[in-house]
Amino acid sequence: MAMEGGAESNYNSSTESQLEQSSPRKSPPPPPSQDHEEKATYVKFLLSNAEAGSIIGKGGSTITEFQSRSGARIQLSRNYEVFPGTPDRIVMVSGFLDDILKAVDLILGKLMDEFYAEDGGEVDPRSKFRLVVPNSSCGGIIGKGGATIKSFIEDSRAGIKISPQDYNFPGLHDRIVTVTGTLEEQMRAIELILFKLAEDPHYMQSMNAPFQYAAVYVGMNYGYGPPNRVGGRYPNNRQQNKVAPPEVGDNSMTIGVADEHVGLVLGRNGRSIIEISQLSGARIKISDRGDFLSGTSDRKVTITGSQRAIRTAESMISQKIATVSVRE
C-alpha cells in the first residue's frame, strides 16, 4: 500500500466484527448481493514487508482473527517471494465474494490507521492499493472503448489505472491495477472490479498458483538481479574459475560452478539466488545447461554490478559452495 504518489503496495484481510473494534475509519458495508454472495473467487494484491507484518500480527494473531471473523482465507507469500519488478509481497484472499470484501475492508482500515492517518487530521487519508490481475482478464475491466473502467471511476470516485504489460519479465502474465482514493472510495472500486472478475471463467485459473512468480525468476536463459531488473534461470557457482570480463563498459565477472552444485546455490524455489541478488545488489546470469567454461564442466555465472556488489555476490556464492564441500 502506498501514499498517493508513492510506489508501495497493499495487503488485504477481513472480518466483520473486528472492523467495528479496530478500525474507526471504516467504509460502509457492501450492499447485499444475491447474485454474487455465494460465488467463490479470490483477489490478489501487493503489500510492503512492513504492511505485511502489520497484517500478520504477533505470532499470526491478526491474520488469524481476520480470517475467523470474515470467513475468507488469507495467504501471504514468503518474504523472499516478491512480485517481479517490486520489493513487495503478494497477498491472496479467497472465499465467497462478500467474505473477501469484509477481509479487504479490515485490512485496508488497519493499514490506513497505522500508516497513513495524520494525528488530528480532519480529511480521510488517501492511499494506493495495487491489485494483481491476469492480463487476459484486464479487458473485461477496461470494457469496449474504456466504458467499463470509466463507469467504475464515476461510481466509486476512485482513481483506477491499469499498468501496461511488462515484457521485461518473461513468463509474467499479470498486470497491476492501481486503485487510489479514500478507504470508502477504494472499497467501492474493489467491489466493482471483483464482481466483474468473478464473471470471467479464465480469472479463476490463476487461483491454483497464488505465488507462482518464482517461476519468472527461474525462467529460460535470463539473469537474476535486483527488483528493477530480474528474471532468471539456474544459478551456477563453485570454486571460482575467473575469466576476463565479457563485456567492456560493465563491471562484471564470470565464474564457474560445478553443474551438480547449481541446485544447491539456487535454493528451494530460487530462494538462495534471489537473496544473493537482493543483498548484494548484483545481477546474476547463468548459462544454459551444457554451456560450460572452456575446458571444464562448470556452468558460467556472470555477475554484473558495482565492484562492491560483485565482490559481495561472489563471496556469498563461495560460502554456499564451501558449505557443500565441507559436507562432502
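Put simply, the side chain of Ile141 does not reach to within 4.5 Å of the side chain of Thr148, judged on heavy atoms. Between Met92 and Leu76, the closest side-chain pair of non-hydrogen atoms is not below 4.5 Å. The shortest distance between side-chain heavy atoms of Asp174 and Pro134 falls below 4.5 Å.
With rounding to the nearest 0.5 Å, the separation of CD1 in Ile303 from CZ in Arg311 is 12.0 Å. With rounding to the nearest 0.5 Å, the separation of CE in Met253 from OG1 in Thr304 is 10.5 Å. Rounded to the nearest 0.5 angstrom, Met112 CE and Thr182 OG1 are separated by 6.5 Å. Once rounded to the nearest 0.5 Å, the distance linking CD1 of Ile255 with CD1 of Ile284 reads 8.0 Å. Taken to the nearest 0.5 Å, the CG atom of Leu197 stands 11.0 Å off from the CE atom of Met204. One distance of note links CG of Asp113 with CG of Leu108; it measures 11.0 Å at 0.5 Å rounding.
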Check step by step if side-chain contact (heavy atoms from CB on, under 4.5 Å) holds for Leu183 and Asp105. CA-CA 8 Å; Leu183 176 58; Asp105 204 357; 3.8 Å; yes
Assess the residue pair Val132 and Phe83 against the criterion (side-chain contact (heavy atoms from CB on, under 4.5 Å)); give the C-alpha distance rounded to whole Å, side-chain angles, the decisive distance to 0.1 Å, and a yes or no. CA-CA 9 Å; Val132 178; Phe83 188 82; 3.8 Å; yes
Worked verdict on Glu51 versus Arg89 for salt bridge (Lys or Arg N to Asp or Glu O under 4.0 Å): CA-CA 10 Å; Glu51 291 167 339; Arg89 292 164 66 180; over 6 Å; no
Report the C-alpha separation of Leu101 and Phe195 in whole Å, then their side-chain angles, then the decisive distance to 0.1 Å, and conclude whether the side-chain contact (heavy atoms from CB on, under 4.5 Å) test is met. CA-CA 10 Å; Leu101 289 169; Phe195 283 172; 4.2 Å; yes
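When the side chain to side chain donor-acceptor pair (under 3.5 Å) test is applied to Asn135, the partners found at least two apart in sequence or on another chain are Gln165, Arg175. For Arg73, the side chain to side chain contact (heavy atoms under 4.5 Å, CB included) partners are Gln67, Gln75, Ser94, not counting sequence neighbours.
Of the charged side-chain nitrogens involved, none lies within less than 4.0 Å of a carboxylate oxygen, so that Asp291 and Arg299 do not count as a salt-bridged pair. A salt bridge does not link Glu184 to Arg188: none of the charged side-chain nitrogens sits closer than 4.0 Å to a carboxylate oxygen. Salt-bridge annotation for Lys102 and Asp99: present, with a side-chain N of the basic residue lying under 4.0 Å from a carboxylate O of the acidic one.
For Asp200 and Ser137, the side-chain atoms include at least one donor-acceptor pair closer than 3.5 Å. Side-chain N/O atoms of Glu114 and Ser54 include a donor and acceptor closer than 3.5 Å. Under 3.5 Å, the side chains of Thr302 and Thr254 contain a donor-acceptor pair of N or O atoms.
Contact record, Thr178 with Arg130: OG1-CG, 3.7 Å, taken as the closest heavy-atom pair. A pairwise comparison of heavy atoms in Val82 and Thr86 identifies CG2-O, 3.5 Å as the closest pair. Considering all non-hydrogen atoms of both residues, Cys138 and Ile162 come closest at SG-CG2, 4.0 Å. When all heavy atoms are compared, the tightest approach of Leu97 to Ala198 is CD1-CB, 4.1 Å. The two residues Ala158 and Ile153 come nearest to each other via the heavy atoms O-CG2, 3.4 Å. A pairwise comparison of heavy atoms in Val43 and Leu194 identifies CB-CD1, 4.2 Å as the closest pair.
Remark: side-chain polar atoms of Ser77 are paired, donor with acceptor, to backbone N or O of Ile90 under 3.5 angstrom. A donor-acceptor contact shorter than 3.5 Å is absent between the side chain of Thr64 and the backbone of Ser61. Without hydrogens or angle criteria, Ser156 side chain to Phe152 main chain gives a donor-acceptor distance under 3.5 Å. Here the side chain of Tyr203 pairs no donor or acceptor atom with the backbone of Ser136 at under 3.5 angstrom. At least one donor-acceptor pair closer than 3.5 Å links the side chain of Gln186 to the backbone N or O of Val179.
Applying the salt bridge (Lys or Arg N to Asp or Glu O under 4.0 Å) test to every pair with at least one member in residues 134-154, sequence neighbours left out, gives no pairs at all.
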